[in-house]
Amino acid sequence: MEVDKGKGEAEETRKVAEADRDTVTLKSSDGKLFEVSKEAAARLSTVLAGMIAGGSIDDNGTDLKQIGSEALENVVDYCNKHANSIPSAALISSSISFNTAPFKEPEEWERKFVDRLSHDALFDLVEAANFLGMERLLDVTCHKISEMMKGKSPDQIREVFNIKNDYTKEELEEIRQELAWAFYDD
Amino acid sequence: MAAALPSSWEELPPELLGLVLHRLPSLGDRVRLRAVCRPWRAGALVQRQQEKPLPPPLPYRAVDDLAFLVHDDGGCSLVNPLSGFTLDLPELAPAVHRAIDGMRTYYNHSHIRKAHVKAILSSPVESTPDPLVAVLILEGFSVVISACKQHKAINVRMSPGRNPGLPAKIHDIAFFQEKLYALTGREGLYAVELRAGSLGGPDLSSGGFHRCITEDPDQLPIYDPREHQIYTVEPEMTLNTWVPGRWMKVDSLGGHAIFLGSECTKSVLASQCAGGVQEDCVYFMHRIFDNPAKEFLGPCVDPLADSGVYNVRDGRITPLLPEGVMVELRRKRQYLTWFFPVDA
């Protein structure tokens with residue numbers, strides 16, 4: 001009895017310690033472990049917030065089978081940077097305009113964060129952000145992707161994103177004729 | 001999304017493509033995105049049927065073979081979308097700002113991008129030394145006029161109308177023989193004379209327009225889009241220019257066909273047009289598109305709420321497009337507007 005009680009107490013202590021930890025451990029599809037600020041993860045990701053609240057966080061590394069290590073590293077990096085940055089006015093006030101949906105402009109550090117990514121890494125990051133329900137990171141990554149498209153012809157967009165043109169010549173000509181005004185810069 | 005597989009942008013999920021589209025305010029960018037590959041085109045279509053429609057694109061308005069383009073910052077240009085020819089109108093935006101300042105009780109500078117109702121050009125850009133652009137703004141409460149080449153612009157508004165403090169509302173504008181004509185709802189037809197130097201002067205904030213009757217009424221049919229009726233000024237009244245004009249119903253348009261829309265109107269000689277334009281007919285179209293807030297909420301979106309072809313001779317109205325096409329347009333939330341490539 002005595003021993004059991006002691007064991008129970010130890011378990012209790014361990015649980016308390018776990019709840020008190022201010023980081024969570026995430027495991028990528030290829031088995032790599034990453035530590036991330038619990039507060040930032042809960043604030044920035046609806047999925048992680050749900051897991052933390054529901055107690056489904058594994059101290060030995062919560063499995064995120066859909067996310068590769070490079071993308072997860074970027075997610076974690078983003079969360080940790082966010083935890084350290086002071087929310088500025090730019091984050092709070094949204095740029096409301098007639099022509100674009102209201103969304104928050106990326107901050108300077110967020111711009112730099114996505115600018116340094118390779119196109120592959122950006123793609124994986126936007127999918128990871130989508131999977132984890134990270135609205136803010138989706139804003140930042142989709143903003144970057146739209147910037148990469150603005151003013152470009154379909155050919156230039158295909159080149160930037162390494163997309164194969166799967167239209168037939170006839171179909172392309174049809175699109176081009178239908179919407180000739182949009183293609184003057186081709 | 002295994003790490004080993006290279007990323008494939010074709011496979012960007014439709015919801016993410018939608019987020020990107022929401023960040024592309026230019027209609028050209030949106031169209032070009034859809035032309036990149038089949039999955040993107042399909043994704044953009046799926047996205048379009050979602051509950052949150054895309055915000056209306058930056059406004060393009062056809063002015064002869066030019067488009068009148070309002071930039072994000074309120075600056076205006078005339079652009080030929082086919083050749084890329086661009087003519088900036090740097091003094092137009094400041095004149096719009098001054099007009100907004102003059103009506104501070106009703107508008108503020110957040111209205112700058114949605115101020116423009118209709119833009120017209122006095123004569124072709126290529127063949128005239130310095131044509132004028134007139135833009136009906138602020139729901140018809142003011143007009144700004146800018147020279148295309150000399151950088152000068154003024155704003156003009158009507159004297160107060162029925163509502164104290166508010167100028168009378170202008171429904172339509174037209175250039176004719178060195179004058180800009182303005183049709184008001186109740187007060188009739190007005191004109192402002194535009195001499196060479198008048199654009200350099202101060203704004204004609206009140207009373208710039210004079211009530212008038214045109215000298216050659218046959219050549220200046222003016223239309224009231226809200227009434228969907230066609231009028232011309234009674235010929236007998238032309239001698240006395242300062243007596244208010246009366247409206248007279250007509251039963252012919254002299255071989256013309258009139259294209260009527262919420263935002264642009266044009267009269268063409270039907271015999272000079274290719275493609276079966278009927279003479280003495282009014283092609284009308286009214287898009288319910290005027291409230292962007294409602295547009296977001298969805299219910300009042302109807303690309304062709306009120307459209308048809310009205311034959312002035314026999315008074316019959318026939319549908320503008322077959323019903324099947326209209327249903328399809330409504331389903332796709334596609335809008336139509338008149339586009340007049342080149343003058344005949």
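In what follows, every chain begins at residue 1, and chains take the letters A, B, ... in the order their sequences are listed.
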**Study point:** Structural part of A:K144 lying under 4.5 Å from a heavy atom of chain B
**Key:** neither
**Study point:** A:I157 vs B:W9, side-chain contact (heavy atoms from CB on, under 4.5 Å): CA-CA, chis, key distance, verdict
**Key:** CA-CA 11 Å; A:I157 297 175; B:W9 287 93; over 6 Å; no
Review point. With a 4.5 Å heavy-atom cut-off, do A:F161 and B:E10 have their side chains touching?
Key: no
Practice item. For B:R38 and A:Y167, indicate whether the former's side chain and the latter's backbone hold a donor-acceptor pair under 3.5 Å. Key: no
Exercise for review: Looking only at non-hydrogen atoms, find the nearest pair between A:C142 and B:L19 and report the distance.
Suggested key: SG-CB, 3.5 Å
Check your understanding: Would you call B:W40 and A:I163 a side-chain contact if the rule is heavy atoms closer than 4.5 Å?
Key -> yes
Check your understanding: Between A:V126, A:N165, A:L72, which residue shows the highest count of heavy-atom pairs closer than 4.5 Å to chain B?
Key -> A:V126
Review point. When rounded to the nearest 0.5 angstrom, what distance separates NZ in A:K164 from SG in B:C37?
Key: 10.5 Å
Point to revise | B:R32 side-chain N/O to A:K152 backbone N/O, donor-acceptor pair under 3.5 Å | key: yes
Exercise for review: Can you establish whether the number of heavy atoms outside A:R116 located under 6.0 Å from its atom CZ is more than 12?
Suggested key: yes
Check your understanding: Short question: side chain of B:D29, backbone of A:K150 - any donor-acceptor pair under 3.5 Å?
Key -> no
**Study point:** Check: B:R34 and A:P154 side chains under 4.5 Å, non-hydrogen atoms
**Key:** no
Check your understanding: Within a strict 4.5 Å, meaning less than it, do heavy atoms of the B:P39 and A:D166 side chains meet?
Key -> yes
Exercise for review: Inspect the contact between B:R23 and A:E147 and indicate whether a charged nitrogen and a carboxylate oxygen are less than 4.0 angstrom apart.
Suggested key: no
Check your understanding: What closest approach, in Å, do A:E127 and B:E11 show between heavy atoms, and which atom pair accounts for it?
Key -> OE2-O, 4.3 Å
Review point. In terms of heavy-atom pairs under 4.5 Å with chain B, which of A:L122, A:I145, A:N130, A:N162 leads?
Key: A:N130
Check your understanding: For A:E35, does the CD atom sit with more than 12 other heavy atoms under 6.0 Å from it, leaving out its own atoms?
Key -> yes
